[in-house]
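Indexing begins at 1, ligand by ligand and atom by atom, following the structure's order. Side-chain atoms are counted along with the backbone in the values below, which use heavy atoms only and exclude waters and symmetry mates.
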Amino acid sequence: MLINFQFPILKQGTNRLAHRSRWPPCSLWLFDLLLPNIFPVSSELYFQTAAELGEMLATKKISAVELAQTIIERTKAIDGRVRAFNSFDESDALAQASASDARRAAGQARGPLDGIPVGLKDVISVAGQPLTASSKMLAQFVSPYDATVARKLREAGAVCWGRLNLDEFAMGSSTENSAFHVTSNPWDLARVPGGSSGGSAAAVAAGEAVVSLGSDTGGSIRQPAALCNLAGLKPTYGLVSRYGLIAFASSLDQIGPFGRTVEDVAITLGAIAGHDERDSTSFRTGIPDYRAELKKRRGPWKLGIPREYFGTGLDPEVGAAVQRAIDHYQKAGCAIKEVSLPHTEYGVAAYYIIATAEASSNLARYDGIRYGHRSKTATDILDLYFKSRAEGFGPEVKRRIILGTYVLSSGYYDAYYLRAQKVRTLIRQDFLKAYQEVDAILTPTSPTPAFRKGEKSADPLAMYLSDIYTITVNLAGLPGISIPCGFTGNGLPIGLQLIGQPYLEADLLAIARAYEQAHDWHTRHPKL
Ligand code: GLN
């Protein structure tokens, strides 16, 4: 491959390439060749950040086609073990990359994402590509159009790369509910990557994409980010258009980015955020230059610690790592204040009423008639509905449709759905009250590190509790980010969650980056 001739050497953990001219003197090459621990560049390039790669593309140290080839080779080499992808289209990615190179050659590069391969969760429409939601129901479906986020990525010059695995229709916390296959955690292939956006997290963690998009209804970006040592952001509800996102629970769903660093998340958010008239819940607000703001906003900040998030069920190693992060912020001059979010304990219950109610309505469209799986053995129209849905949906999706239909039924609506909506308002008020005193709230992201495959799949309630710290953020419509904050004794990543104020992503990202810059967790990569 061409790239190996041009950049044969880049050692693990260094970024010398970024400071190097395109054709260094021969003696330097020889010197490098004599060093131990030499990796061909393609084995390191895929662990560079979007910011670093953007710089290398801008200074013509690499081409977008070389970068795309590296990512494709990496994916082919390891995805048999990680299984992050449902599908990918090599020639389409190379064509996008070559268009990026042509733009750059003509002096028309579009910014930091031009030529960067971005993975997309397989619930986000990309015109002409499969769109399955990891469900048998949509196994043969091809997107007729681009989601707004896909269109915006293209406008930013990014290379849309691959369809990433998830829990069927984004329902789950481990990616084990996919109808196709289970994705492995790149840090320990016997464990789950988290979910539902497990494919999006595993792909970036394993070097199969530079950044990726997921969707987060109750934690599906932040929890897998925590379990895979990545930064993952759920933006404020309404900041990123949901047009072209397969709906799970429309009042909770948000698309957001995964990256190796907070800066990569800021760059990607900048590309996808903004008002969209095709989404009636899209908010009209100015979109700051999130990346530039990272450097301008320096604190010190007031950070709230909600006591309700540090009780039973929290793994001691996770608790200790989060405590060290709190101590770090304090030493760095931030004011740490205990706050109370008294309705937290009702979060999971309210979520599983509201999310399932909305899901039962959203999933009514899969009737075997208009699109999606159609039973071949049905005898009449009712039989066609029943059989198509019975064959097309997996057990977790069925459980949710049944639960959602029940809580919306006339005799129970007031007791469940209406009451859950009231609790939702109380949860939001808790946060807004806390924000009168603090700038952001700091909690663990997930109560445990990555668990073993199969460990929780027989017990839906145990699985639902994986999102106990993330769910309230969706109910309140707030932005939340998870960033790496350490490892357990057996080498599993731990995530720190920072919860921000509505539409103040620029502050939230700056607070997260202040921690990241003082630590090196994010520079560690799984050995695969
Ligand atoms: N794990 C939660 C659920 O199963 C959240 C999923 C999500 O955010 N998409 O509903």
Side-chain angles (χ1 to χ4, degrees), residues 120-124 133-135 164-178 183 192-201 212-228 232-235 237 240 242 245-258 347-363 393-404 407 420 424 445-448 450-451 455-457 459-482 495 497 499:
L120 290 103
K121 185 176 182 178
D122 203 357
V123 276
I124 299 172
S134 288
S135 178
L164 296 163
N165 196 21
L166 62 141
D167 288 297
E168 185 176 2
F169 283 101
M171 298 174 185
S173 308
S174 66
T175 317
E176 290 167 296
N177 293 339
S178 167
T183 298
V192 303
S196 63
S197 313
S200 301
S212 66
L213 298 187
S215 64
D216 189 315
T217 306
S220 281
I221 293 174
R222 290 157 289 156
Q223 186 254 16
L227 272 43
C228 293
L233 173 77
K234 182 205 91 77
Y237 186 77
V240 176
R242 289 179 296 110
L245 168 71
I246 291 183
F248 163 13
S250 309
S251 77
L252 300 160
D253 300 340
Q254 262 297 281
I255 296 173
F258 288 92
V348 173
Y351 170 86
Y352 277 95
I353 292 171
I354 294 169
T356 57
E358 293 185 20
S360 72
S361 166
N362 276 324
L363 271 59
F393 291 136
E396 183 61 26
V397 174
K398 285 178 186 159
R399 182 180 297 125
R400 303 222 184 177
I401 292 172
I402 292 168
L403 193 56
V407 299
R424 179 178 192 171
T445 306
S446 161
T448 65
F451 44 92
E455 195 176 317
K456 299 190 182 180
S457 27
D459 182 353
L461 199 59
M463 191 71 91
Y464 295 174
L465 290 174
S466 305
D467 295 305
I468 190 160
Y469 302 137
T470 48
I471 267 174
T472 47
V473 176
N474 300 69
L475 288 169
L478 301 170
I481 188 167
S482 180
Q497 177 174 235
I499 307 168

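- Taking every non-hydrogen atom of Asp216 and a distance limit under 4.0 Å, the qualifying atoms of ligand 1 come out as 8 (O).
- Side-chain N/O atoms of Ser446 and Gln223 include no donor and acceptor closer than 3.5 Å.
- Heavy-atom contacts of Ser220 reach the following atoms of ligand 1: 5 (C), 6 (C), 7 (C), 8 (O), 9 (N) (cutoff under 4.0 Å).
- No hydrogens or angles considered: a donor-acceptor pair under 3.5 Å links the side chains of Ser173 and Asp467.
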Go through the steps for Tyr351 and Leu252 under the test side-chain contact (heavy atoms from CB on, under 4.5 Å), then give the verdict.
CA-CA 9 Å; Tyr351 170 86; Leu252 300 160; 3.8 Å; yes

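- For atom 2 (C) of ligand 1, the nearest protein heavy atom (residue, atom name, distance) is Asp467 OD2, 3.1 Å.
- The shortest non-hydrogen separation linking Phe258 to Ala201 is CE2-CB, 3.7 Å.
- Residue-ligand proximity, Gly219 to ligand 1, at heavy-atom distances under 4.0 Å covers atoms 8 (O).
- Closest approach of Leu363 to Ala247, counting heavy atoms only: CD1-O, 3.9 Å.
- For ligand 1, the atoms closer than 4.0 angstrom to any heavy atom of Ala170 are 6 (C), 7 (C), 9 (N).
- Atom numbering of ligand 1 starts at 1 in the shown order; those under 4.0 Å from a heavy atom of Tyr351 are 2 (C), 3 (C), 5 (C), 6 (C), 10 (O).
- Close contacts of ligand 1 with Arg400, meaning ligand atoms under 4.0 Å from a residue heavy atom, involve 3 (C), 4 (O), 10 (O).
- Among the atoms of Gly195, none of the N or O lies under 3.5 angstrom from an N or O of ligand 1.
- The shortest heavy-atom contact between Lys121 and Ser196 is NZ-OG, 2.9 Å.
- The residue Tyr464 has no part lying near ligand 1, judged by heavy-atom distances below 4.0 Å.
- Taking every non-hydrogen atom of Gly172 and a distance limit under 4.0 Å, the qualifying atoms of ligand 1 come out as 1 (N), 2 (C), 3 (C), 4 (O), 6 (C).
- The closest approach between a heavy atom of Ala355 and any atom of ligand 1 is not below 4.0 Å.
- Considering every non-hydrogen atom in both Pro193 and Cys228, the closest pair reads O-SG, 3.5 Å.
- A donor and an acceptor atom, one from each side chain of Thr445 and Ser482, are located under 3.5 Å apart.
- Close approach of ligand 1 to Phe248 (heavy-atom distance below 4.0 Å) involves ligand atoms 9 (N), 10 (O).
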